[in-house]
Undergrad: 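Dropping the structure in here first, questions after.
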Amino acid sequence: MPRSDHVNGTPEASTSVDFIREIVVSDHKAGRHGGRVCTRFPPEPNGYLHIGHAKAICLNFGIAVEHGGLCNLRMDDTNPATENKEFVRAIEQDVRWLGFEWSDRFYYASDYYERLYDCAVTLIEKGLAYVDDLQGEEVSQYRGRWDEPGRNSPHRNRSVEENLDLFDRMRAGEFDDGSRTLRAKIDMSASNMNMRDPTIYRIRRQPHYRRANEWVIYPTYDFTHPLSDAFEQVTHSLCTLEFEDHRPLYDWYLKALDWVDPPRQIEFARLNLTHTVLSKRKLLELVSGGHVDGWDDPRMPTLSGMRRRGYPPAAIRDFCDRIGIAKANSMVQVAQLEDAVRQELNQRASRVMAVVEPVKVVIENYPEDQIEELDAINNPENEIAGTRKIPFSRELYIERNDFREDPPKKFFRLAPGREVRLRYAYFVTCRDVVKDEAGNVVELRCTYDPETRGGYAPDGRKVRGTIHWVSAAQAISAEVRLYDHLFTAEHPEDIPDGHDYKATLNPASLDRRTDCWVEPSLADPMTGACYQFERLGYFCVDPDSRKDHLVFNRTITLRDTWARMQNKAGHNRKHPLEKK
RNA sequence: UGGGGCGUCGCCAAGUGGUAAGGCGCGGGACUUUGAAUCCCGUAUUCGAAGGUUCGAAUCCUUCCGCCCCAACCA
């Protein structure tokens, strides 16, 4: 029993927090930043948000909520070449969908361009920045290497007046793209490469999606970011590990501009997930290369893809809580995410019956024209969800793999001469198997026991198997899209040199079934609604769905110990390109 | 090769000198009109390694090993 339990007297209070929250809590307690807590989520609108961003969103918005603070949503748009409005729209939608709200604190770095320009002028005036005429290759030559100091640019010692004049003319468009830059005057021999006179402004004749042709010079990330944070009075600026090296520069800019009560940058490890990729470059490649059907393809790790797939936002938030925040590079197993999704859906999803791969069953001793209405429970996890009526008749569909002509050991489902329970209906026994010329099973002839209505045997006899079904005459036809991991490789990015990660794309990641049957209660579902198709998994209504053509996405399967038992025979599905 | 980080169970991850939380996964069992859910039980004598300090070390010191990031006018 941890000692803290006794100290604060609450036995369950040993909830540990991550190192960032620890810092924020202690800053808050110490009354730093005037007792305020303000974070921000600063995506660049050059792609769609993915599950890795969700981690950052939950962290930033979560911390703000925990302290009665604020979290800003800011478009970090300083590179007009890659950014656009569609991405801004999608980002807003996804953050909102995830369950967070920023009211009027929606900002654009591009709204700060004038102010940033003024800051740059101040740096020049203080002798801390200069206009450099070195270009591309020369710059990197002068920068030196890790183990050798760089050299000062020959233009490093221009007068303040000359710098001011040149910088003004850069803005006015007097110089060609790339011909000059504004650089911070720091230290060309710094061991941290970021401090070797980093670029502040570059010349780019590139129309901006919001500022059009207003500017021909654009500020760099390293300059823009600390100042944007400062302008917005952010207190804690949380970012990923690769920016750790940039922190001295982040602090330098704020110090150079005499910023009072500057924000503090803290870095944490970004998320990696098995069986997928999370780099913007690769996601873009999957979309533009047509390997998936857009950013919101249900197989994508994007938030819009997950939304379409039927992942509840609460499950994603729960997942982010579970994985925690730390500084060690990590690779989270996708099973962790899937478990969060199942847990959420198990509570929420209405149970219905649907048959994805149908085989017809005829109940020989059931009256030809009779239809019964049977009671079915909507959600055993939630009593107030109530019950519904489902029709039963002489002709039904059951799942093809719930029948085996030659059943293996421990197979509890239907087989010649075997009795099973049709869920909420009757016990039936298979009497005959009808096949086509090719030997495929096309129909099962069964008999039912009228005494077992509702699925109960008055004589107390047991059946091991209960299978789902739909009544053929009332069933509604539907398309069902079954999804699997986008990559068969557990670590698609970790493959031998000379190979393309796309070679590990899973050819079976999408399996469209067009001849499925669902129970009549599903006649007119709302887009996005989620269901559990009993014994199959969780499904949601795809936006492609129409009243006369229902389309369901399989969000995730149910746990399937039977399938696992069968697979145990040793074949793991490791991709041939996977290492070791 | 210089700088910055990180190494605790298969995967995440607590732990902050007092004798290794928790979750996922996995294995076993109970229950079962979803082979689901639920419920039990089991899963690190040891914290990258080796030395040292200490009554006591995952936590402190030393050395070593391994992994990640950095030489864009990307973010």
Side-chain angles (χ1 to χ4, degrees), chain A residues 1-3 14-18 42-44 46 76-79 81-82 132 134-136 139-140 143-150 177-183 190-196 198-204 217-218 220-222 224-225 239-248 267 269 274 280 319 321-340 342-343 346-347 351 353 376-377 380-381 410-413 421-425 427 454-457 463-468 532-537 557-565:
Chain A
M1 184 74 46
R3 173 165 284 158
S14 61
T15 48
S16 56
V17 297
D18 58 74
E44 184 189 13
N46 67 349
D76 206 356
D77 52 357
T78 56
N79 183 0
T82 56
D132 195 359
L134 254 29
Q135 346 229 322
V139 173
S140 76
R143 177 136 34 226
R145 299 188 332 181
W146 288 325
D147 51 351
E148 78 187 26
D177 283 12
S179 62
R180 289 184 219 259
T181 55
L182 182 72
R183 293 231 254 164
S191 49
N192 181 342
M193 300 298 282
N194 293 119
M195 303 300 271
R196 320 250 266 222
T199 302
I200 301 176
Y201 270 90
R202 69 278 211 195
I203 306 174
R204 273 294 109 82
I217 57 171
Y218 291 95
T220 55
Y221 163 86
D222 281 316
T224 306
H225 206 83
C239 64
T240 43
L241 252 26
E242 66 271 27
F243 293 105
E244 217 151 14
D245 281 354
H246 296 235
R247 193 183 343 134
E267 311 83 12
T274 58
K280 274 194 180 174
F319 167 74
D321 282 348
R322 291 189 197 192
I323 58 174
I325 299 291
K327 293 192 73 162
N329 292 323
S330 64
M331 176 65 70
V332 176
Q333 293 175 337
V334 72
Q336 185 89 239
L337 209 209
E338 293 171 341
D339 181 74
R342 284 196 184 99
Q343 195 166 305
N346 177 46
Q347 297 304 314
R351 273 60 170 174
M353 289 200 282
I377 294 166
E381 304 293 323
K410 299 270 189 79
F411 184 84
F412 304 144
R413 285 110 96 144
R421 173 189 293 112
L422 295 178
R423 179 147 232 233
Y424 299 128
F427 286 12
Y456 300 95
V463 294
R464 280 304 295 272
T466 298
I467 64 175
H468 60 279
Q532 184 193 103
F533 288 1
E534 294 216 28
R535 301 208 310 129
L536 294 177
T557 61
L558 252 28
R559 270 208 185 73
D560 189 347
T561 45
W562 167 244
R564 208 188 307 156
M565 279 164 62

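Worth saying up front: this structure is predicted, and the values here are computed from it rather than measured. Below, chain A is the first sequence line, B the second, and so on; all start at residue 1.
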Undergrad: I'd like to know if A:R413 reaches the base of B:G35 with its side chain such that a donor and an acceptor end up less than 3.5 angstrom apart.
TA: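 Such a pair exists between side chain and base.
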Undergrad: Determine the Euclidean distance between corresponding C1' atoms of B:A13 and B:G25; express it in Å to zero decimal places.
TA: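 14 Å, rounded to whole Å.
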Undergrad: Within 90° of 0 counts as syn, otherwise anti: where does B:A72 fall?
TA: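 Classified syn.
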Undergrad: Starting from P on B:G5, measure out to CZ on A:R247 and report it in whole angstrom.
TA: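 It works out to 7 Å between those atoms.
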Undergrad: Is the base of B:G3 touched by the side chain of A:D245 through a donor-acceptor pair closer than 3.5 angstrom?
TA: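 Looking at the base of B:G3, it does pair with a donor or acceptor on the side chain of A:D245 (distance under 3.5 Å).
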Undergrad: Specify the separation, in whole Å, of atom CZ of A:F319 and atom C1' of B:G25.
TA: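 That distance rounds to 14 Å.
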Undergrad: Without decimals, in angstroms, what is the distance between A:N329 CG and B:G66 P?
TA: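 Going from A:N329 (CG) to B:G66 (P), I get 17 Å.
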Undergrad: Looking across every strand, which nucleic acid part, if any, lies under 4.0 Å from A:T82 by heavy atom: base, sugar-phosphate, or nothing?
TA: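 The answer is nothing, as A:T82 stays clear of every strand by at least 4.0 Å.
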Undergrad: Is a donor-acceptor contact shorter than 3.5 angstrom present between the side chain of A:R180 and the base of B:C73?
TA: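 Side chain to base: no pair present.
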Undergrad: Whether A:D18 and A:K327 form a salt bridge (side-chain N of Lys/Arg under 4.0 Å from carboxylate O of Asp/Glu) is what I want to check.
TA: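 Salt bridge flag = no for A:D18 with A:K327.
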Undergrad: Can you check the A:R423 CZ to B:A36 P distance for me, whole Å?
TA: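 These atoms are roughly 12 Å apart.
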Undergrad: Any N or O donor-acceptor pair linking the side chain of A:Q333 to the base of B:G10 at under 3.5 Å?
TA: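 Looking at the base of B:G10, it does pair with a donor or acceptor on the side chain of A:Q333 (distance under 3.5 Å).
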Undergrad: Does A:E148 make a side-chain donor-acceptor contact with the base of B:U1, cut-off 3.5 Å?
TA: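 Such a pair does not exist between side chain and base.
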Undergrad: Any idea which of B:A36, B:A71, B:A75 is nearest the A:T78 side chain?
TA: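 Among B:A36, B:A71, B:A75, the one nearest the side chain of A:T78 is B:A75.
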Undergrad: Can you tell me how the ring of A:Y221 sits relative to the ring of A:F243, calling it parallel under 30°, perpendicular over 60° and tilted otherwise?
TA: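 Rings of A:Y221 and A:F243: tilted, as their planes differ by 30° to 60°.
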Undergrad: For B:C24 versus B:A71, give the span between their C1' atoms, rounded off to a whole number of Å.
TA: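 It works out to 40 Å between them.
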